[in-house]
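A short worksheet on the structure shown next.
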Amino acid sequence: MADIQSVTRAQNIRYDRKTEALYIIDQSLLPNEEREIRLQTAEEMYDAIRSLRVRGAPAIGICAGYCMYVLAKSIRGEDQQVFLKKLSDYGEYLNSSRPTAVNLNWAIRLMLRTALENADCTRGQMLDALYEKAAAIHQDDIAKCRAISEYGLTLVEGGDGILTHCNAGPLATSWYGTALGPILLGTERGLKFRVFSDETRPLLQGARLTSYELQRAGVDVTLICDNMASIVMKNGWVQACFVGCDRVAANGDTANKIGTSGVAILARHYGIPFYVLGPTSTVDPDCPDGEHIPIELRDPEEIKTMWYQRPMALPEVKCYNPAFDVTDHELISGIVTEKGICRPPYTKSLAALSLKKA
Ligand code: MRU
C-alpha cells in the first residue's frame, strides 16, 4: 500500500504560523536534493516562480496566495489607499513572472479582492483576512485534488497502463495532484497501474519529479523519453493518457506543458482516451479558445546547455523554446474537475460549471 506522505518528506509549500515564514521545496533541485527555501522578498518570490522552484499551475496559485500575505505584512504605514496600491503593484509584479498558468492570476485577484473587502478594517484585521484567504486557497486545493482523484479513478481499471506528460502530482498541487491523483488514490486502495512517464524536455519534470513521486509512492513507473510515447502506445501498453493543465479555455482547448498536444495526437491515432485533469481554478471562462492563451517562451539555454556537462549545440544556433502548447478540444476525451467530468461539447459542459467571470 502506498504511503502518500512518503512522496515528499516535507510539504511543497508551507506557511509556518509560529515563525511567520513561507517555505517551499526547491523543485529545481529534485530529485537529487530535497531542500526547503524561505521566500521573504518580492524578488525572491518572482524568481522562485520564474525559475520553477515552485511550479505546476495549482502550486503556483497556492504559493502566490501566501506570497501576497507576506508582502502585505511588509507594507508599512497606515494609509489604506497607499496599502492597497502597493499590494496591487506587488500582485502585478508577481503575475508577470509566468504568463500561461491562469491560477497565478486567479490567486492574486482573490487576494486583492479580499484586501478591498477589508479596506475599512484595522491593519491587524486586514492581515488576518489575507492569511485566512491564502490558507483557504491551499485547503481548497487539497479538497479539489481529492475530488479530481475520485472522478479520475472511475476512468481506469486496475492493471491499466497510463501515460502522463510533465508533472501534475503532489509537488505541482497540494496533495494527491491532478493527473497523478487517480493513480495515487487507486494505489492506496490496492489497485496496480503501470505508468509511463514522459521525461518532458527540456526541463525534465517527468524524469525529475513524476517518476520520483510515483517511485516513492510504490507505483510501477517506467520513465521514457518524449519520443518513445508512440512505441509504448503501439505496443498496446497504454489504456489512458492523464495530463494536467495550465489553462483551459471556454471551448475546452487546453494549454499544458510543451509536448502534450503531440501526446493527444498520438493517443487519437492509437484510439486511446486522452484526459485532462485540473481544478476549476484552471478553467478560464474569459478565454474563448486556445488562440487566446498566452504561451511562455523561455531561455534557449534550457535546450542547449542546461543539464549537460558540455553544450549540446553551437552557441549561435537559433532555438525556439515554448514552455507550453495547446491541445485542441477535439482531441480531449474528458476534462476532469473537482465538480465532475466534463465531456464534449465543452462550450456547454464547462459553462455548466457556472464559473464566475473575472
Ligand atoms: O512549467 P511547469 O513545470 O510549471 O508546467 C507544469 C505543467 O504543465 C503541469 O502539467 C500543469 O501545471 C498542471 S500541474 C497540476
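Both counts, for ligands and for their atoms, begin at 1 and track the order of listing.
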- prompt: Does the cation-pi check pass for Arg146 over Trp175, that is, NZ or CZ under 6.0 Å from the six-membered ring centre and within 45° of its axis?
  reply: no
Could you give the N/O to N/O pairs under 3.5 Å linking ligand 1 and the protein, each with its distance?
unit_1   : atom_1 : unit_2 : atom_2 : d
ligand 1 : 1 (O)  : Arg98  : NH1    : 3.3
ligand 1 : 1 (O)  : Arg98  : NH2    : 2.7
ligand 1 : 1 (O)  : Lys257 : NZ     : 2.7
ligand 1 : 3 (O)  : Arg55  : NE     : 2.5
ligand 1 : 3 (O)  : Arg55  : NH2    : 3.4
ligand 1 : 3 (O)  : Gln205 : NE2    : 2.8
ligand 1 : 4 (O)  : Gly56  : N      : 3.1
ligand 1 : 4 (O)  : Arg98  : NH1    : 2.8
ligand 1 : 8 (O)  : Asp246 : OD1    : 2.8
ligand 1 : 8 (O)  : Asn256 : OD1    : 3.1
ligand 1 : 8 (O)  : Lys257 : N      : 3.2
ligand 1 : 10 (O) : Asn256 : OD1    : 2.6
ligand 1 : 12 (O) : Ala57  : N      : 2.8
ligand 1 : 12 (O) : Asp246 : OD1    : 3.1
ligand 1 : 12 (O) : Asp246 : OD2    : 3.0

message: Listing request: all salt bridge (charged side-chain N to carboxylate O under 4.0 Å, His left out) pairs with a residue in residues 83-96, at least two apart in sequence or in separate chains.
response: Lys85-Asp89
- line: Joining Ile, Leu, Val, Met, Phe, Trp and Tyr whenever any side-chain heavy atoms lie under 4.5 Å apart, the cluster holding Leu203 also takes in Leu52, Leu204, Met306, Trp307
field: Polar side-chain atom of Asp226 near backbone of Arg201 as donor-acceptor pair, under 3.5 Å
entry: yes
message: Donor-acceptor check, side chain of Arg14 to backbone of Ile25, threshold 3.5 angstrom: yes or no?
response: no
query: Taking only residues at least two apart or on different chains, which pairs with a member in residues 18-32 satisfy salt bridge (charged side-chain N to carboxylate O under 4.0 Å, His left out)?
result: Arg17-Glu20, Glu20-Lys73, Asp26-Arg53
